[in-house]
Each structure stands twice: as C-alpha cells, then as structure tokens.
Student: 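Could you have a look at this structure, given as structure tokens, before my questions?
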Amino acid sequence: MRIDLTGKQAMVTGAGKGIGRTIATLLTECGAEVVALSRTREDLDSLSSEIGCRTLVTDLEDPEAAAEAARQAGDVDLLINNAGISIPQPFLNTSVESLDRTMSVNLRSVLVVSQIVARGMIERGVGGSIVNISSQASLVALADHASYCASKGALDQLTRVMALELGPHGIRVNSVNPTVTLTPMGEMAWAEPSKRDAMLAKIPLGRFAKPNEIAQAVAFLLSDHSGMINGVTLPIDGGYLIA
Ligand code: NDP
C-alpha cells in the first residue's frame with residue numbers, strides 16, 4: 001500500500017521537534033505540501049531547509065495567535081494537531097498555572113485551529129482529514145501527570161465530537177494515542193531509570209515507540225486508505241493498554 005498525498009496541503013502543529021517533525025517529513029515524502037507550525041524559529045528554519053515546507057512561528061498558548069496562524073495557513077486539506085506539552089508534577093503539587101498552560105496547548109489550541117481549518121474545508125466543499133495526537137495517558141492514570149492525563153482525556157472526547165459533527169461534511173477526525181515515544185518530551189519525562197523500567201515492564205513489546213511508528217499511522221489515517229475510519233482513538237502502545 002502506497003500513501004500518495006500529492007495535491008494536498010497538510011498543516012502540522014508542533015513540527016519543530018519530535019513526532020511533529022517526523023510527521024512533517026513523512027508527509028512531504030508522500031507528496032503533500034506541508035505548512036509547519038512551531039514555537040522555536042531555529043527548529044522551523046532547519047526543517048524548512050530539509051524538506052522545503054512553509055513555516056509559521058507561533059505560540060499556541062495564545063488563542064489569538066493560534067487563530068491567526070490557522071488563517072495564514074490557507075487552504076488546508078489535512079490537519080495534524082500534534083503540539084503538546086507535559087509538566088510532570090505530583091497531583092498534590094499540581095499548580096493552577098501548569099494545568100492552565102497544559103490545557104491551553106493540548107486542548108484549547110486544537111479547538112481554535114481546527115474550527116478555522118474545518119470552516120475552510122466546509123466552505124470549499126472538499127472534505128478533509130484531521131488527526132489529533134493524543135496519548136495512552138488519556139485512558140490510564142500516570143503518576144505525576146494529572147494535568148497531562150486530563151488534557152488528553154479531554155482531547156479524545158473533543159476528537160469524538162468533532163468526528164460526529166464534521167463527518168456529514170466529509171471531514172474525518174481521529175486520534176492516535178502513543179505510548180512513551182523517543183523524542184525530547186519522552187526523554188524528559190521518562191529518563192529516570194526507575195520510572196523508565198517500570199513503564200517498559202508494562203509494554204508487552206518491551207520497548208518505547210519510535211517517532212516514525214507514530215508518523216506512519218498518522219499518514220494512514222490522513223489518507224484515503226482509511227476512508228471509513230472516523231472518530232477512533234488508536235493506541236500505538238505495543239500493547240500497554242491491554243494489560
Ligand atoms: P516534543 O516536546 O519533543 O516536541 C513538541 C513540539 O511541539 C516542539 O516542536 C515544540 O516547540 C512544539 N510546541 C510545544 N508547545 C507549543 C506551543 N505552545 N506552540 C507551538 N508549538 C509548541 O514532543 P513530542 O514530539 O514528544 O510530542 C508530540 C505530541 O505527541 C504531543 O502532543 C505529546 O503530548 C504527544 N505524545 C508524546 C509522547 C512521548 O512520549 N513523546 C507519548 C504520547 C503522546 P518548542 O520546542 O519550541 O517548544
């Protein structure tokens with residue numbers, strides 16, 4: 001099965017590093033025109049020189065800036081809401097500021113960007129496909145991740161409601177829910193050997209995910225090969241959630 005996204009414009013948020021950068025690269029290889037959004041200009045400059053994408057330097061914590069970036073992206077056919085943050089804190093020490101920041105990026109920016117992109121798809125009558133990057137943390141409790149788990153649980157429900165309301169316009173909305181993935185975020189949260197080994201012991205395949213394993217599932221969900229798949233939250237977790 002070959003995924004051909006020629007003629008499609010794809011907007012990837014959080015494309016500067018990690019999973020988003022890998023998605024932007026793979027989608028370019030599949031023929032899509034990529035608009036890459038992230039916060040750090042240097043990351044986007046180096047990505048642009050590698051894959052020739054358009055770039056938008058934006059902080060999605062600011063809803064006005066998020067909306068403006070979505071407008072500047074133009075006619076988007078494929079949207080990947082990937083940008084996310086994690087601020088690990090025990091529940092009893094979770095601050096209101098951390099909760100607000102996490103919700104702003106991981107949930108609110110998805111709403112703001114997707115509304116503008118979906119309105120454009122509906123006006124153009126072209127349909128489209130949206131993939132939200134959620135997490136296994138939406139479905140199970142992870143110690144020290146109260147804000148993050150809450151944000152991803154809410155994101156899964158947003159995915160379902162988007163799929164329900166946008167489906168009649170030919171717009172499919174799905175999420176992927178990875179386990180720990182070897183990116184700057186994954187290494188930050190799971191570097192401590194005791195935490196890392198305990199998590200690895202719960203993954204039947206006995207390893208963490210590679211960014212390309214997430215990107216390939218995303219490309220499938222964006223493509224016509226998944227034309228009847230709408231509203232799913234797809235674990236990419238080596239079996240973590242079945243244990
Ligand atoms: P990284 O931290 O490695 O990369 C995240 C990217 O998003 C960076 O380019 C970052 O830019 C950008 N970003 C973060 N906040 C903002 C913001 N406010 N505005 C614009 N861009 C922003 O994360 P991952 O690649 O690991 O994670 C990507 C997604 O996958 C996230 O939604 C995460 O929750 C999810 N995920 C990750 C897992 C993992 O173990 N890595 C597991 C499950 C899900 P900058 O560096 O400049 O801040």
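The figures that follow rest on heavy atoms only: side chains count, while hydrogens, waters and symmetry mates do not. Just so you know, ligand 1 is whichever comes first in the structure, and atom 1 is the first atom listed for that ligand. Numbering starts at 1 and runs along the sequence shown.
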Student: Which atoms of ligand 1 have any heavy atom of Ile85 under 4.0 Å away?
Tutor: 14 (C), 15 (N)
Student: Could you check atom 32 (O) of ligand 1 against the protein and tell me its nearest heavy-atom contact, residue, atom and distance included?
Tutor: Asn82 O, 2.7 Å
Student: Counting non-hydrogen protein atoms only, what is the nearest one to atom 46 (O) of ligand 1? Give residue, atom name and distance.
Tutor: Lys17 NZ, 2.6 Å
Student: Under 3.5 Å between any N/O of Ile19 and any N/O of ligand 1: does that happen in this structure?
Tutor: yes
Student: With heavy atoms of Ile133 as the reference, note each atom of ligand 1 found under 4.0 Å away.
Tutor: 29 (C), 30 (O), 32 (O), 35 (C)
Student: Starting from atom 42 (C) of ligand 1, locate the nearest protein heavy atom and write down its residue, its atom name and how far away it is, to 0.1 Å.
Tutor: Thr179 O, 3.1 Å
Student: Going by heavy-atom distance to atom 9 (O) of ligand 1, choose the closest among Ala189, Ser38, Ala69.
Tutor: Ser38
Student: Would Pro178 count as being in polar contact with ligand 1, using the rule that some N or O on each side must be under 3.5 angstrom apart?
Tutor: no
Student: To check your reading of the model: name the closest protein heavy atom to atom 18 (N) of ligand 1, its residue, and the distance in Å.
Tutor: Asp59 OD1, 2.9 Å
Student: For the backbone of Leu241 and the side chain of Lys202, can you confirm whether one donor and one acceptor N or O come within less than 3.5 Å of each other?
Tutor: no
Student: As an exercise, identify every atom of ligand 1 less than 4.0 angstrom from a heavy atom of Glu61.
Tutor: 18 (N)
Student: If every non-hydrogen atom of Ile171 is compared with every non-hydrogen atom of Ala118, which pair is closest and at what distance?
Tutor: CD1-O, 4.0 Å
Student: Minimum heavy-atom separation for Tyr240 to Pro204, with atom names?
Tutor: N-CD, 3.6 Å
Student: May I ask you to list the atoms of ligand 1 that are less than 4.0 angstrom from any heavy atom of Gly84?
Tutor: 14 (C), 31 (C), 32 (O)
Student: Quick check: does any side chain N or O of Asn230 sit under 3.5 Å from a backbone N or O of Val173, one acting as donor and the other as acceptor?
Tutor: yes
Student: For ligand 1, note which part of Ser134 has a heavy atom under 4.0 Å away: side chain, backbone, both or neither.
Tutor: backbone
Student: Identify, for atom 21 (N) of ligand 1, the protein heavy atom at the shortest distance, and state residue, atom and that distance.
Tutor: Arg39 N, 3.6 Å
Student: Mark yes or no for whether Thr13, through its side chain, and Asn82, through its backbone, hold a donor-acceptor pair below 3.5 Å.
Tutor: yes
Student: Can you tell me which residue and heavy atom of the protein come closest to atom 47 (O) of ligand 1, and the distance to 0.1 Å?
Tutor: Thr40 OG1, 2.4 Å
Student: Using distance alone, determine whether Val105 and ligand 1 share an N or O pair under 3.5 Å.
Tutor: no
Student: CH2 of Trp190 to NZ of Lys195: how many Å apart, nearest 0.5 Å?
Tutor: 7.0 Å
Student: Below a 4.0 angstrom heavy-atom separation, can you tell me which part of Lys152, side chain or backbone, both or neither, approaches ligand 1?
Tutor: side chain
Student: Tell me the closest heavy-atom pair linking Arg54 and Gly74, and the distance in Å.
Tutor: NH2-N, 4.4 Å
Student: Measuring from atom CG of Leu26 to atom CG of Leu5, what distance do you get when rounded to the nearest 0.5 angstrom?
Tutor: 8.5 Å
Student: For atom 2 (O) of ligand 1, what's the nearest protein heavy-atom neighbour? Residue, atom name and distance, please.
Tutor: Met185 CB, 3.4 Å
Student: Against ligand 1, does Gln136 come closer than 4.0 Å with any heavy atom?
Tutor: no
Student: At the 4.0 Å heavy-atom cut-off, does Tyr148 count as touching ligand 1?
Tutor: yes
Student: Ignoring angles and geometry beyond distance, decide whether Ser135 reaches within less than 3.5 Å of ligand 1 through its nitrogen or oxygen atoms.
Tutor: no
Student: Where the closest heavy atom to atom 41 (N) of ligand 1 is concerned, which of Thr183, Val12, Thr102, Val110 has it?
Tutor: Thr183
Student: Heavy-atom contact check, 4.0 Å cutoff: does Ala137 meet ligand 1?
Tutor: no
Student: What's the separation between atom CD1 in Ile116 and atom CD in Gln72, rounded to the nearest 0.5 Å?
Tutor: 11.0 Å
Student: Supply the atom-to-atom distance Asp59 CG to Thr40 OG1, rounded to the nearest 0.5 angstrom.
Tutor: 9.5 Å
Student: Please identify which atoms of ligand 1 are closer than 4.0 Å to at least one heavy atom of Gly186.
Tutor: 40 (O), 41 (N)
Student: Would you confirm whether Thr25, through its side chain, and Arg21, through its main-chain N or O, come within 3.5 Å as a donor-acceptor pair?
Tutor: yes
Student: In terms of residue, atom name and distance, what is the protein heavy atom nearest to atom 39 (C) of ligand 1?
Tutor: Thr181 N, 3.4 Å
Student: With heavy-atom distances below 4.0 Å as the criterion, list the atoms of ligand 1 near Thr58.
Tutor: 19 (N), 20 (C)
Student: Counting each atom of ligand 1 from 1 as listed, which ones have a heavy atom of Gly16 under 4.0 Å away?
Tutor: 9 (O)
Student: Donor-acceptor pair, Arg108 side chain versus Asp100 backbone, under 3.5 Å?
Tutor: no
Student: Taking both backbone and side-chain atoms of Asp43, is any N or O found less than 3.5 Å from an N or O belonging to ligand 1?
Tutor: no
Student: With the threshold set at 4.0 Å, does a side-chain nitrogen-carboxylate oxygen contact exist between Asp224 and Lys8?
Tutor: no
Student: Distance check, rounded to the nearest 0.5 Å: Met103 atom CE versus Ser147 atom OG?
Tutor: 7.5 Å
Student: List the atom of Ser129, the atom of Met121, and the distance in Å for their closest heavy-atom pair.
Tutor: N-CE, 4.2 Å
Student: In ligand 1, which numbered atoms sit nearer than 4.0 Å to a non-hydrogen atom of Gly14?
Tutor: 6 (C), 7 (O), 9 (O), 12 (C)
Student: Short question: side chain of Ser114, backbone of Val110 - any donor-acceptor pair under 3.5 Å?
Tutor: yes
